[in-house]
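Within every chain, numbering begins at 1; the chains are lettered A, B, ... in the order of the sequence lines, protein sequences first and strands thereafter. Heavy atoms only: backbone and side chains are in, while hydrogens, waters and symmetry mates are out. Computed from a prediction, not measured in an experiment: that's the story for all the values here.
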Protein chains: 2
Amino acid sequence: MRVTAHDVAEAAGVSRSAVSRAFTEGASIAPEKRQRILSIASMLGYQPNRIARGLSGRRTGLVALVFGRVSSPYEAWLLDHLSQAIRARGKWPLLLSAFPEGELDGALAHALSYQVDGAIVAAGSVSRTLAERCAALGAPIVMVGRILDGVAVDAVCCDNALGMRQLVELLVSEGRHRIAWIGGKAEAFSNVERQAGLLEALSGWGLEPWARRVADYSVEGGMLQALALLTADERPDAILCGNDAMALGAISAARRLGLGVPEEIAIAGFDDIPAAAWEPYLLTTVCNPVAETAAQALRLLEQRIDDGARPHEVVRLTPRLVRRRSA
Amino acid sequence: MRVTAHDVAEAAGVSRSAVSRAFTEGASIAPEKRQRILSIASMLGYQPNRIARGLSGRRTGLVALVFGRVSSPYEAWLLDHLSQAIRARGKWPLLLSAFPEGELDGALAHALSYQVDGAIVAAGSVSRTLAERCAALGAPIVMVGRILDGVAVDAVCCDNALGMRQLVELLVSEGRHRIAWIGGKAEAFSNVERQAGLLEALSGWGLEPWARRVADYSVEGGMLQALALLTADERPDAILCGNDAMALGAISAARRLGLGVPEEIAIAGFDDIPAAAWEPYLLTTVCNPVAETAAQALRLLEQRIDDGARPHEVVRLTPRLVRRRSA
DNA sequence: CTGAAAGCGCTTACAG
DNA sequence: CTGAAAGCGCTTACAG
């Protein structure tokens with residue numbers, strides 16, 4: 001039914017070993033023999049079974065991609081780049097998404113049963129023990145958008161503090177001093193860093209947040225919190241949001257109240273998702289460099305696969321201020 | 001290093017066969033023995049190697065998920081539901097996305113080398129030979145959002161014609177008779193069906209499209225084409241778009257020209273992506289039932305896996321008109 | 001219900 | 001450079 005190396009060997013009059021070598025980069029086999037085997041194989045429609053190949057000790061070529069939901073704009077965008085980067089290296093993404101909250105360890109452990117060559121984690125938080133276990137099994141982890149203190153894991157992450165500094169500087173230079181903050185999921189790494197960055201940047205100007213609110217990184221959440229901020233007795237003159245989605249919601253809130261953006265209220269986000277550039281919004285934000293994030297994550301993963309003992313590396317990517325109309 | 005069945009067998013004083021049986025649903029093994037093995041296994045951190053399991057003839061539990069880009073809103077949304085549905089059934093999605101245009105066959109063939117148990121195809125068009133080859137290898141295909149004439153493949157697809165009929169009926173009942181159409185990617189199945197549905201629905205009212213334009217299913221594309229339509233000498237009084245993204249762009253175009261939506265120009269889309277409900281848009285559209293699509297796709301796949309000979313089934317899902325503000 | 005043995009399709013020392 | 005053989009970690013008839 002399925003064409004195997006055996007069939008090809010027979011058709012080519014060589015051993016199964018030779019067939020295997022023909023498909024193995026750098027194996028010692030006569031060049032013309034390899035050519036002949038390869039062409040016979042393709043005629044027969046033979047392709048080495050990756051499962052068998054994985055079993056006999058070589059890599060499976062599978063890379064686990066760990067996401068929460070993949071339908072929020074930033075995640076979808078990152079996933080797109082990451083899966084392309086993985087495919088570009090001849091590997092395959094095994095998508096691990098929407099696992100129940102807090103079950104990352106179990107889910108990753110399960111992924112290990114597929115002998116993934118590595119994992120790129122863009123959601124949740126990896127425990128030290130799991131990271132070590134993965135490494136021991138030859139399936140190193142790279143974290144994206146999060147950095148674990150005291151856990152030796154490669155990571156690539158946007159310089160959130162710098163991004164907030166850029167935004168605050170822009171706002172303050174425009175004369176805004178009543179700057180409110182709508183943070184995202186409280187425990188999320190990006191949220192913690194962005195909020196800390198905001199506080200530090202503000203204090204550099206002798207300021208404090210005008211008000212602080214928490215939403216869930218969603219458009220609707222941002223809208224609700226912004227409504228609360230904008231209907232308070234003393235209104236802020238600017239709202240900084242923990243991500244773009246919430247900022248889009250905040251713009252809608254301002255409009256609903258008949259407030260001019262940015263005249264009466266400046267609004268800015270973080271990430272620069274595609275929708276930020278859509279006409280009704282023209283959101284001023286900071287660009288979280290997704291393509292570079294994906295590229296670096298794969299570089300780190302491959303280097304770690306090649307040399308499990310190299311020192312761990314944390315790459316900080318520089319965000320870029322994108323000024324549109326909302327601030 | 002890695003804990004194997006051998007280690008568990010030794011620790012439990014049983015054979016490797018027994019360990020295997022303990023992990024195999026319905027295998028004949030004494031219940032108390034199974035319990036003991038399972039608990040020892042979990043203490044040792046043993047989990048059957050899925051790769052080895054796949055090799056020895058059983059299923060790998062892998063389901064290929066074939067997408068184009070996954071970052072467009074509708075695709076991201078569908079992917080989310082599909083990957084959840086797959087995980088809910090204890091299987092894993094192998095994501096196959098962003099393959100070069102027209103290379104679906106090659107990509108799917110490659111996925112086969114991972115012995116996927118099946119594939120859900122939500123992009124491109126599967127050739128008859130590939131569909132047959134997949135089936136022969138025990139990896140059946142289910143197509144989502146597309147139906148292949150003359151190719152025996154299970155499929156689940158929204159009733160596009162009905163959706164267009166609902167939209168046209170709404171517009172006409174509101175007195176709109178100059179209805180323009182912005183179609184999506186010309187060859188796309190959904191586009192072909194929606195456009196045909198539009199023509200038929202219009203002719204039912206004795207109408208023809210006021211004008212026809214083609215974009216690429218993107219927000220920007222929709223905006224450009226709508227600008228052209230709305231600056232023509234004779235303006236339409238409604239624009240129907242092949243998907244929501246283009247309709248969002250069309251709304252922006254109308255605004256840019258200072259045209260009231262829906263007063264001066266009604267605009268409607270197709271799919272009901274999350275952004276359709278965002279405040280600046282409040283897009284009237286037709287809901288493409290994504291959750292049900294995912295559920296049906298998995299049902300079809302599992303039934304096909306169980307019985308490769310059952311008659312092929314095409315499920316048509318009923319779209320639902322969602323009236324918001326834009327039309 | 002249980003264990004010894006063959007086999008899944010490949011890779012990789014090993015000996016030549 | 002090449003082939004015969006062992007082995008990857010599991011499952012599954014087979015015989016008991």
Side-chain angles (χ1 to χ4, degrees), chain A residues 1-38 40-41 44-62 110 112-117 137-139, chain B residues 1-38 40-41 44-62 109-117 137-139:
Chain A
M1 170 130 291
R2 176 164 244 145
V3 186
T4 75
H6 177 82
D7 305 322
V8 178
E10 211 154 58
V14 299
S15 69
R16 274 156 63 237
S17 315
V19 175
S20 174
R21 291 193 183 100
F23 281 91
T24 304
E25 188 113 11
S28 55
I29 180 176
E32 55 281 8
K33 187 176 219 173
R34 160 174 280 154
Q35 275 319 312
R36 198 160 51 81
I37 293 177
L38 253 26
I40 289 180
L44 264 47
Y46 169 75
Q47 238 178 342
N49 180 326
R50 297 290 217 134
I51 293 292
R53 204 175 228 193
L55 223 214
S56 60
R58 295 171 92 267
R59 323 224 65 113
T60 52
L62 255 23
H110 198 163
L112 250 26
S113 72
Y114 280 105
Q115 274 186 214
V116 295
D117 294 346
L137 291 176
Chain B
M1 170 131 289
R2 175 164 246 147
V3 187
T4 76
H6 177 82
D7 305 322
V8 177
E10 210 155 57
V14 298
S15 69
R16 274 157 63 237
S17 314
V19 175
S20 174
R21 291 192 184 101
F23 282 90
T24 303
E25 188 114 13
S28 54
I29 180 175
E32 56 281 9
K33 187 175 219 173
R34 161 174 279 154
Q35 274 319 312
R36 199 159 53 80
I37 293 177
L38 253 26
I40 289 181
L44 264 47
Y46 170 75
Q47 239 177 341
N49 181 325
R50 297 289 215 133
I51 294 293
R53 202 173 231 195
L55 222 214
S56 58
R58 295 172 93 266
R59 323 224 65 112
T60 53
L62 256 22
H110 198 164
L112 250 25
S113 71
Y114 280 104
Q115 274 188 214
V116 295
D117 294 345
L137 292 176

*Asks:* Given C:dT2, D:dT2, C:dT12, identify the nucleotide with an atom nearest to the side chain of A:S20.
*Replies:*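 From the listed options, C:dT12 comes nearest.
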*Asks:* So, do B:Q47 and A:H110 sit near enough that their side-chain heavy atoms are less than 4.5 Å apart?
*Replies:*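 The answer is yes; the side chains approach within 4.5 Å.
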*Asks:* So that I can compare with my own list, what are the stems of DNA chain C, taken as at least three consecutive Watson-Crick or G-U pairs with distances under 3.5 Å?
*Replies:*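 Result, WC/G-U stems under 3.5 Å: C:1-3 with D:14-16, C:5-12 with D:5-12, C:14-16 with D:1-3.
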*Asks:* Atom CG of A:D7 and atom C1' of C:dC10: how far apart are they, to the nearest Å?
*Replies:*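 In whole Å, C:dC10 C1' and A:D7 CG are 13 Å from each other.
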*Asks:* Just the table, please: protein N/O against nucleotides 7-9 of chain D N/O, every pair under 3.5 Å.
*Replies:*
| unit_1 | atom_1 | unit_2 | atom_2 | d |
| --- | --- | --- | --- | --- |
| D:dC8 | O2 | A:S56 | N | 3.2 |
| D:dG9 | N2 | B:A52 | O | 3.4 |

*Asks:* Quick one: A:R50 CZ to C:dT11 C1', roughly how many Å, whole number?
*Replies:*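 Between C1' of C:dT11 and CZ of A:R50: 14 Å.
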*Asks:* State whether A:K33 places a side-chain N or O below 4.0 Å from either non-bridging phosphate oxygen (OP1 or OP2) of D:dC1.
*Replies:*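 Answer is no, no contact under 4.0 Å.
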*Asks:* Taking C:dC14 as the reference, what is the distance to C:dC10 when you measure between their P atoms (whole Å, please)?
*Replies:*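 To the nearest whole Å, 24 Å.
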*Asks:* Grab the CZ-C1' distance between A:R59 and C:dT11 for me, whole Å please.
*Replies:*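 In whole Å, C:dT11 C1' and A:R59 CZ are 14 Å from each other.
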*Asks:* Could you work out the separation of D:dA5 and D:dC1 based on their P atoms and round it to a whole Å?
*Replies:*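 23 Å, rounded to whole Å.
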*Asks:* Measuring from B:I29:CD1 to B:R36:CZ, what's the distance to the nearest 0.5 Å?
*Replies:*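 So the gap between those two atoms works out to 9.0 Å.
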*Asks:* Rounded to the Å, how far apart are A:E32 CD and D:dT2 C1'?
*Replies:*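 In whole Å, D:dT2 C1' and A:E32 CD are 13 Å from each other.
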*Asks:* Anything under 3.5 Å between a protein N or O and an N or O of nucleotides 13-15 of chain D, put it in a table, one pair a line.
*Replies:*
| unit_1 | atom_1 | unit_2 | atom_2 | d |
| --- | --- | --- | --- | --- |
| D:dA13 | N6 | B:R21 | NH2 | 3.0 |

